[in-house]
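Worksheet: one structure, shown below.
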Amino acid sequence: MAVYLITGIGGFIGSSLARELLQRGEQVRGVDNFSTGKQENLASILGQIDFREADLLDLDAMKSACGGVDYVLHQAAIPSVPKSVLDPIGSNRANVDGTVNVLVAARDAKVKRVVYAASSSAYGDTPTLPKHERMTPDPISPYAVAKLASERYMISFYRCYGLETVSLRYFNIFGPRQDPSSPYSGVLAKFITQMLNGEQPTIFGDGEQSRDFTYIDNAVAANLLACEAPAAQAAGKVFNVATGRRVTLNETFKLLQGLTSYSGPVAYGAERGGDIKHSLADISSAEQHLGYKPKVNFEDGLRRTVDWYRSSRS
Ligand code: UD1
């Protein structure tokens, strides 16, 4: 049995990781400051985890949280492109300064490996698709810059201190428990709850933008594989975590009409600043080095997610 520390354990991805680890019989510790995480995501597992309410910027709390830990799954972030455009200082503090604290604490505690929630936004709006890890990053938003900077810190701590780190560039992870309630929420969480409530969703732009939407179970599996992979294959490296298929927002809206019984039209609004147009991953490196294979495709993931939001309302 290994000890895992999950930063951002109250978030949608962090709490999903915790559930899977507990099912596997592992020991789970978690930190969250509930800036974007939610107490309710932890309610059913609180008795089984060592939870500490703390901010990543509190280095002493991070050092204490890393004591006796084998693996750190660093998920905590302010995960929003538009929020970072409005508040680049806040984004940098949470997404970069916070990461450096986690790394220093993990290094000093001699943690075996840190797996980091990096972002596909690092690629920027490159016309080349699919995006592969050897491409030169070209981040647009402050959020994307912060995520890329943290990724480089991961690599630096491997090179300078020998701390094993793996960065997973997530491509639009979605699924149950993703917060739909903020204007900065992920598009699928927003659209699904709006459409289940009979409210009209709004597409920013013409709806022809596309994403490699990735169901949560795939991201959870990738994190655990990144802990287990031999250091020669994974340490100091960056991997795309996605499905290798992209869908447009217009197509997604149509699929959701079938799944939610919302029959009204969608509204179109102005394009959002800092957005990229298309996102599609080449996942061959994760397949080859981590043994990753997407387990749940987009349609099945969307169905499961709609079912979860529907049942959690009643
Ligand atoms: C998302 C993640 C980010 C992650 C990145 C890459 C969220 C909140 N953001 O960014 O953390 O690093 O993927 O994995 O999960 N849109 C609408 N209507 C809405 C909301 C959004 O049309 O009501 C559009 C946006 O303008 C954008 C697309 O949907 O074109 C996706 O937006 P969003 O879900 O916020 O994700 P990303 O910006 O791609």
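Order of listing sets the numbers, starting from 1, for every ligand and every atom in it.
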Between Asn218, Thr214, Asp212, which is the residue that forms a side chain to side chain donor-acceptor pair (under 3.5 Å) with Thr243?
Asp212
Quick check: Phe174 with Tyr215 (ring centres under 6.0 Å apart)?
yes
Does a donor on one side chain sit under 3.5 Å from an acceptor on the other, for Tyr268 and Asn250?
yes
Between the side chains of Glu151 and Arg169, is the shortest nitrogen-to-carboxylate-oxygen separation below 4.0 Å, so that they form an ion pair?
yes
Checking Tyr170 against Gln75: is there a side-chain donor and acceptor pair closer than 3.5 Å?
yes
Using a threshold of 4.0 angstrom between heavy atoms of the protein and any atom of ligand 1, which residues qualify?
Pro79, Val81, Ser119, Ser120, Tyr143, Tyr170, Phe171, Asn172, Gln178, Tyr184, Ser185, Gly186, Val187, Lys190, Phe191, Thr202, Ile203, Phe204, Gln209, Arg211, Leu249, Arg272, Asp275
Given a cutoff of under 4.5 Å between side-chain heavy atoms of I, L, V, M, F, W and Y, with clusters grown through shared members, what are the other residues clustered with Leu280?
Leu129
